[in-house]
There are 2 protein chains.
Amino acid sequence: MGITRQTKQVKALIDIFDNKKTAISVADLVKLLESKMNKTTVYRILDKLMDDGVVHSFIGKGGLKWYAKCQDCSCETHNDVHPHFQCKTCGEVECLSVSFKLPSVNGYKVESASLLMVGECNACA
Amino acid sequence: MGITRQTKQVKALIDIFDNKKTAISVADLVKLLESKMNKTTVYRILDKLMDDGVVHSFIGKGGLKWYAKCQDCSCETHNDVHPHFQCKTCGEVECLSVSFKLPSVNGYKVESASLLMVGECNACA
DNA sequence: ATTAATATTGCAACTTAGTTGCATTAAAAT
DNA sequence: ATTTTAATGCAACTAAGTTGCAATATTAAT
């Protein structure tokens, strides 16, 4: 189940995603919001926003969890098979709105995939 | 710098990779070897085996670090742009020896990429 | 075979991400 | 205004991964 009550904590988190084009790591969100809410609350709200199809999550190059606003997702399916690009210098992550086709693998039922491309962003190059 | 002394801890780790086709997470390695060596040692040897081009690492679906034996890597370059497949049921990870082409991204210098495909393996299906 | 140099290891303590249980607080429906 | 219960805060916890330093064990030199 997703979000049912519009608390000020929920509003604060949604506000961040509305005003941010790029992705953000949970660790950064917790730091960013530490004066406004507990870290447990951050984790719990993010879970619910996932269920609602408002945000999607993925794993960054260091193994940390990142979140970004969904573009074409519904509550039922997260259609974010889009790749992510992470800058090795500044660490920023962007969702790439291109599609890519997975290599065919014989015998395995592939249900989801995540592609992380690492390099240098325009700002750091 | 890589490995210079052939200690019994180093041999134990290399032995595991030699007798294992699939990948293994660092957490599992630490547990597997806890009677034989300290976890710090496991982490340090893995770093060196990376430098030597003996193993390569990647991030699994839960954000944990995994290692597997290299097939076509040298000390200079890790050519493991191959995808990995992780079973959502048993958690096992396999290196897939297929190549895939990255989507072209305008303006970004892509230096490395990791593709993780998640689904169900033959054993669990 | 000893000895000396130093790479490697073990240990303890630490950092950080993420989780859990429970009492308290605050939406929102009545 | 009251009641219901979803949501929050807090403290304590687990687990991954790191660091500094003293002790140990390879390896090279004698």
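Below, chains carry the letters A, B, ... as their sequence lines are ordered, and counting in each starts from 1. Please read all numbers here as calculations on a predicted model, not as lab measurements.
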Report yes or no: do B/T22 and B/E92 form a side-chain donor-acceptor pair below 3.5 Å? yes
Please report the distance, rounded to the nearest Å, between NZ in A/K36 and P in C/dT25. 22 Å
Tell me whether B/N38 contacts the main-chain N or O of B/T40 through its side chain, where contact means a donor paired with an acceptor under 3.5 Å. yes
Rounded to the nearest 0.5 Å, the CG atom of A/D52 sits from the CD1 atom of A/I45 at a distance of 11.5 Å
From A/Q86 atom CD to A/E94 atom CD, the distance as rounded to the nearest 0.5 Å: 11.5 Å
Any donor-acceptor pair under 3.5 Å linking the side chain of A/N19 with the backbone of A/D15? yes
Would one find more than 12 heavy atoms of other residues, nucleotides or ligands at under 6.0 Å from atom NZ of A/K20? yes
Using a cut-off of strictly less than 4.0 Å, decide whether A/T7 has a side-chain nitrogen or oxygen near OP1 or OP2 of D/dA7. no
Check each residue of residues 8-17 of chain B for a non-hydrogen atom within less than 4.0 Å of any atom in DNA chain D, then write out the ones that pass by number, or none. B/K8
Return the value, rounded to whole Å, for the distance between atom CE of A/M37 and atom P of D/dA6. 20 Å
Drop me the distance from A/K65's NZ to A/L46's CG, to the nearest 0.5 angstrom. 8.5 Å
May I ask you to verify if any side-chain N or O of A/T4 is less than 4.0 angstrom from the OP1 or OP2 atom of D/dA7? yes
B/S/- along nucleotides 16-24 of chain D (protein heavy atoms under 4.0 Å) is SBBBB----
With a 4.0 Å cut-off on N to O distance, would you call B/E111 and A/K88 a salt bridge? yes
Starting at CD of B/E34 and ending at P of C/dT9, how long is that distance when rounded to a whole Å? 18 Å
To the nearest Å, how far apart are A/L46 CG and C/dT19 C1'? 14 Å
Quick one: B/I45 CD1 to C/dG10 C1', roughly how many Å, whole number? 12 Å
For nucleotides 2-4 of chain D, print each protein N/O atom paired with a nucleotide N/O atom at under 3.5 Å, atom names and distance only.
none

dist B/I3:CD1 -> B/M50:CE (nearest 0.5 Å) comes out at 12.5 Å
Plane angle bin for B/H84 and B/F58 - parallel if under 30°, tilted between 30 and 60°, otherwise perpendicular: parallel
Could you tell me which non-hydrogen atom of B/A125 sits nearest to which non-hydrogen atom of A/K109, and how far apart they are? CB-NZ, 3.7 Å
